[in-house]
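Scroll down for the structure; my scribbles are underneath it.
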Amino acid sequence: EADIYQTPRYLVIGTGKKITLECSQTMGHDKMYWYQQDPGMELHLIHYSYGVNSTEKGDLSSESTVSRIRTEHFPLTLESARPSHTSQYLCASSLTQNLQETQYFGPGTRLLVL
Amino acid sequence: KNQVEQSPQSLIILEGKNCTLQCNYTVSPFSNLRWYKQDTGRGPVSLTIMTFSENTKSNGRYTATLDADTKQSSLHITASQLSDSASYICVVSDRGSTLGRLYFGRGTQLTVWP
């Protein structure tokens, strides 16, 4: 089992609130990711990081922001939550060995914005 | 356009039976193909990975095949168990480095009934 953790696992919040989804990994991986996944749909990459102080936007436009101050942590923040942000958010980190990258996923945060 | 298509979208089988899930992709260049298992409310977990030169890879009761010429892969599950109930996601990488991009299928939702 991968050592990557996400909190909270479930969150119900009202429109306009600021929220931060936490992600931490103890494997020392440099590269980390945030994905958004709706039921029955594919994962969409919204942010990634190559290492400390590195953050990049993914393929899917997102109003969220991320930071990478420490290798272990990659929090995602929504300044003003809206019902359209309701989704599952998955964090992952990766290790590259023999030119093959393996991603390890956290358990996810299910967000419901009312 | 790089895409990953999976079929069937959902599948119900009885415990002890075998089943095969399909994945067709148009991703180019091609580096590797992974099958992930995602239990409800959890993050995906890697089952197998295959590179261009590999035709088959097994992991217990899971056997993946790859035909790089026709760009097709299958995941065969033998003697299914109730714990196999999950979404199975096909993921294709376009190059084997930290600069590679992953393309996700929507998954096949497998339900195993007793």
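When reading the values below, keep in mind they use all heavy atoms of this one structure, side chains included, and skip hydrogens, waters and symmetry mates. The sequence lines fix the lettering, A, B, ..., with proteins before strands; numbering per chain opens at 1.
Annotation for B:P44 and A:L90: closest pair CD-CD1, 4.0 Å, computed over non-hydrogen atoms.
Follow the hydrophobic side-chain contacts under 4.5 Å out from B:Y62 and you never reach B:Y36; the two are in separate clusters. One hydrophobic cluster holds both B:F52 and B:L66 under the rule that ILVMFWY side chains link at heavy-atom gaps under 4.5 Å. No chain of hydrophobic side-chain contacts below 4.5 Å, direct or via other Ile, Leu, Val, Met, Phe, Trp or Tyr residues, connects B:V91 to B:Y25. B:V45 and A:I4 fall into different hydrophobic clusters, defined by Ile, Leu, Val, Met, Phe, Trp and Tyr side-chain heavy atoms under 4.5 Å apart, directly or through other members. In terms of hydrophobic clustering, with Ile, Leu, Val, Met, Phe, Trp and Tyr side chains grouped at heavy-atom distances under 4.5 Å, A:L21 and A:L60 are assigned to a common cluster.
For A:Q88, the part sitting under 4.5 Å from any heavy atom of chain B is the side chain, from C-beta outward, and nothing else. Heavy atoms of A:T102 lying under 4.5 Å from chain B belong to its backbone as well as its side chain. B:T51 touches chain A through its side chain: at least one heavy atom from C-beta onward sits under 4.5 Å away, while N, CA, C and O do not.
Remark: A:I69 CD1 is loosely packed, at most 12 non-hydrogen atoms of other residues, nucleotides or ligands lying under 6.0 Å away.
Side chain of A:R9 to backbone of B:G41: a donor-acceptor contact under 3.5 angstrom is found.
Note: B:F104 CZ to A:Y35 OH = 4.0 Å, rounded to the nearest 0.5 Å. Going from atom OH of B:Y103 over to atom CG of A:D59 covers 7.5 Å, rounded to the nearest 0.5 Å. The CG atom of A:L43 sits 10.0 Å away from atom CG of B:L102, with the distance rounded to the nearest 0.5 Å. A distance of 8.0 Å separates OH in A:Y104 from OG in B:S46, rounded to the nearest 0.5 Å.
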- Task: Begin from the C-alpha positions of A:Q37 and B:Q38 and carry the test side-chain contact (heavy atoms from CB on, under 4.5 Å) through to its verdict.
- Result: CA-CA 12 Å; A:Q37 184 185 31; B:Q38 185 177 21; 3.0 Å; yes
